[in-house]
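Heads up: the structure comes next, in structure tokens.
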Amino acid sequence: MTFENLRQREFKSNGYTLKLVPPTIKYAQEIYKIFSKDTENMIFWAPNGNFQSPEQTLINYYNRNRSNRSLMFGIFQNDKLLGEIGFSNVDEKNGVCHVGYWLRKSARDKNIISKLLPRIEKLAFEQDWCHKISLHCDSENIASKKIAEKNGYILEGVIRQDSKWPDGSLRDKLYFGKLKSEYK
């Protein structure tokens with residue numbers, strides 16, 4: 001199966017439903033509402049304030065999917081959007097991709113991402129298009145660092161002062177990776 005074949009899929013895993021949600025204004029409004037209620041924590045996912053309005057959210061989703069070959073799944077429980085998990089920067093030629101995720105505040109501290117990450121890895125590693133998944137996080141994002149370590153991702157490097165935050169500070173980024181040969 002190729003990366004493109006995943007676009008029509010929905011998955012159930014550990015009591016959650018992962019489904020592709022098309023970029024619509026309704027979905028953008030829901031994401032904007034989630035982000036605007038938790039700006040302090042959501043800044044790790046959108047440090048440049050890319051979610052300033054529902055319309056801007058929709059534009060960002062359209063541009064992300066078009067420009068860097070992304071495939072993000074909404075995480076739902078009882079039809080409530082809890083967050084997203086999926087791939088960006090998919091490079092089938094070289095067999096690499098980046099995994100990313102976010103959760104609304106009320107869904108955190110429940111190991112949801114650690115429960116779903118193996119299912120997402122399965123989508124990539126058990127197909128022909130991926131031999132390495134990378135996971136990047138801000139050096140101060142302790143939760144994401146723990147998720148990477150708990151799920152067997154290896155710290156491959158620290159990119160110093162890689163991100164400029166809205167307050168003007170320069171932040172380091174941690175680069176983790178997992179090879180298909182390390183997938184269990």
Side-chain angles (χ1 to χ4, degrees), residues 1-23 27 31 34 42 44-47 50 57 60-77 81-104 107-108 110-139 141-159 162-163 173-184:
M1 179 183 294
T2 66
F3 169 75
E4 287 299 322
N5 292 110
L6 294 175
R7 293 201 178 277
Q8 303 299 319
R9 306 287 297 264
E10 180 176 306
F11 306 94
K12 299 214 182 280
S13 182
N14 291 306
Y16 302 96
T17 301
L18 302 177
K19 61 182 172 180
L20 292 171
V21 181
Y27 189 61
I31 291 173
I34 292 168
M42 295 313 248
F44 285 119
W45 199 73
N50 292 334
T57 302
N60 290 340
Y61 265 74
Y62 173 76
N63 288 337
R64 181 182 69 188
N65 286 326
R66 190 183 71 190
S67 66
N68 72 5
R69 301 203 22 98
S70 292
L71 188 64
M72 294 300 284
F73 294 91
I75 302 168
F76 293 86
Q77 188 173 45
L81 176 64
L82 302 180
E84 290 182 319
I85 189 169
F87 307 111
S88 63
N89 299 318
V90 173
D91 179 351
E92 285 183 89
K93 180 181 176 189
N94 291 304
V96 296
C97 66
H98 171 76
V99 68
Y101 47 82
W102 63 267
L103 288 172
R104 65 172 45 212
R108 293 187 200 128
K110 298 176 182 174
N111 291 318
I112 293 171
I113 297 301
S114 285
K115 290 175 184 174
L116 297 177
L117 192 53
R119 182 62 177 109
I120 290 297
E121 291 172 352
K122 182 178 180 174
L123 290 177
F125 287 143
E126 293 187 4
Q127 309 304 323
D128 294 329
W129 60 269
C130 186
H131 77 272
K132 180 180 180 177
I133 299 174
S134 66
L135 187 159
H136 310 158
C137 66
D138 183 90
S139 61
N141 188 340
I142 304 305
S144 280
K145 182 180 176 194
K146 286 180 180 178
I147 286 169
E149 292 168 343
K150 180 178 180 176
N151 286 280
Y153 284 74
I154 305 300
L155 180 63
E156 296 180 334
V158 176
I159 308 302
D162 190 55
S163 302
K173 190 175 282 183
L174 305 178
Y175 277 68
F176 292 90
K178 188 174 204 177
L179 303 175
K180 188 173 187 175
S181 62
E182 298 163 339
Y183 169 69
K184 298 173 186 175

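Worth knowing before you read on, the calculation uses all heavy atoms, side chains too, and leaves out hydrogens, waters and symmetry mates. Positions are given from 1, in the same order as the sequence printed here.
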> Could you give the distance from CD1 (Ile85) to CD1 (Ile120), rounded to the nearest 0.5 Å?
Replying inline: 5.0 Å
> Are any non-hydrogen side-chain atoms of Thr17 and Ile75 less than 4.5 angstrom apart?
Replying inline: no
Identify each donor-acceptor pair in which a side-chain atom of residues 175-182 lies under 3.5 Å from a protein atom, sequence neighbours left out, and give them as a table.
residue, atom, partner, partner atom, Å
Lys178, NZ, Glu121, OE1, 3.1
Lys178, NZ, Glu121, OE2, 3.2
Lys178, NZ, Asn151, O, 2.7
Lys180, NZ, Phe125, O, 3.0
Lys180, NZ, Gln127, O, 3.4
Glu182, OE1, Leu179, N, 2.8

> Residues in side-chain contact (heavy atoms from CB on, under 4.5 Å) with Lys115, at least two apart?
Replying inline: Asn14, Tyr16, Asn111
> Distance from Ser163 atom OG to Asp138 atom CG, nearest 0.5 Å?
Replying inline: 6.5 Å
>> Nearest 0.5 Å, please: how far is CG in Asn89 from OG in Ser134?
In response: 7.5 Å
>> Applying side-chain hydrogen bond (donor to acceptor under 3.5 Å, both in side chains), can you list everything that pairs with Glu149, at least two apart in sequence or on another chain?
In response: none
> Which value, rounded to the nearest 0.5 Å, describes the distance between Ile159 atom CD1 and Lys173 atom NZ?
Replying inline: 9.0 Å
> Once you round to the nearest 0.5 Å, how far does SG of Cys97 lie from CG of Leu123?
Replying inline: 10.0 Å
>> Once you measure the plane-to-plane angle for His98 and His136, does it fall in the parallel (<30°), tilted (30-60°) or perpendicular (>60°) bin?
In response: tilted
>> Once rounded to the nearest 0.5 Å, what's the spacing between atom OG of Ser114 and atom CD1 of Ile147?
In response: 5.0 Å
> Partners of Lys122 by side-chain hydrogen bond (donor to acceptor under 3.5 Å, both in side chains), sequence neighbours excluded?
Replying inline: none
>> Would you say that Trp129 contacts Val90 through its side chain, given a criterion of any heavy-atom pair below 4.5 Å between the two side chains?
In response: yes
> How far apart are the C-alpha atoms of Phe73 and Leu116, what are their side-chain angles, what is the distance that settles it, and do they pass the side-chain contact (heavy atoms from CB on, under 4.5 Å) test?
Replying inline: CA-CA 11 Å; Phe73 294 91; Leu116 297 177; over 6 Å; no
> By side-chain hydrogen bond (donor to acceptor under 3.5 Å, both in side chains), which residues pair with Asn94, not counting sequence neighbours?
Replying inline: Asp91
>> Please find the pair of heavy atoms, one from Leu82 and one from Trp102, that lie closest to each other, and give the distance.
In response: O-CZ3, 4.2 Å
> Looking only at heavy atoms, what is the nearest atom pair of Cys130 and Ala124, with distance?
Replying inline: CB-O, 3.5 Å
>> Between Glu84 and Lys19 (salt bridge meaning N to carboxylate O under 4.0 Å), is one present in this structure?
In response: no
>> Going by the rule salt bridge (Lys or Arg N to Asp or Glu O under 4.0 Å), which residues pair with Lys145 if we only count those two or more places apart in sequence or in a different chain?
In response: none
>> As a test of understanding, state which of Leu174, Asp162, Val158 forms a side-chain contact (heavy atoms from CB on, under 4.5 Å) with Ser139.
In response: Leu174
>> I need the minimum non-hydrogen distance between Met72 and Leu20, along with the two atoms involved.
In response: O-CD2, 3.2 Å
> Shortest non-hydrogen contact from Val96 to His131?
Replying inline: CG1-CE1, 4.0 Å
>> So, using side-chain hydrogen bond (donor to acceptor under 3.5 Å, both in side chains) as the criterion, who are the partners of Ser13 when residues are at least two apart?
In response: none
>> Looking at every non-hydrogen atom in both residues, tell me the closest pair between Ala107 and Ile112 and how far apart they are.
In response: O-CD1, 3.2 Å
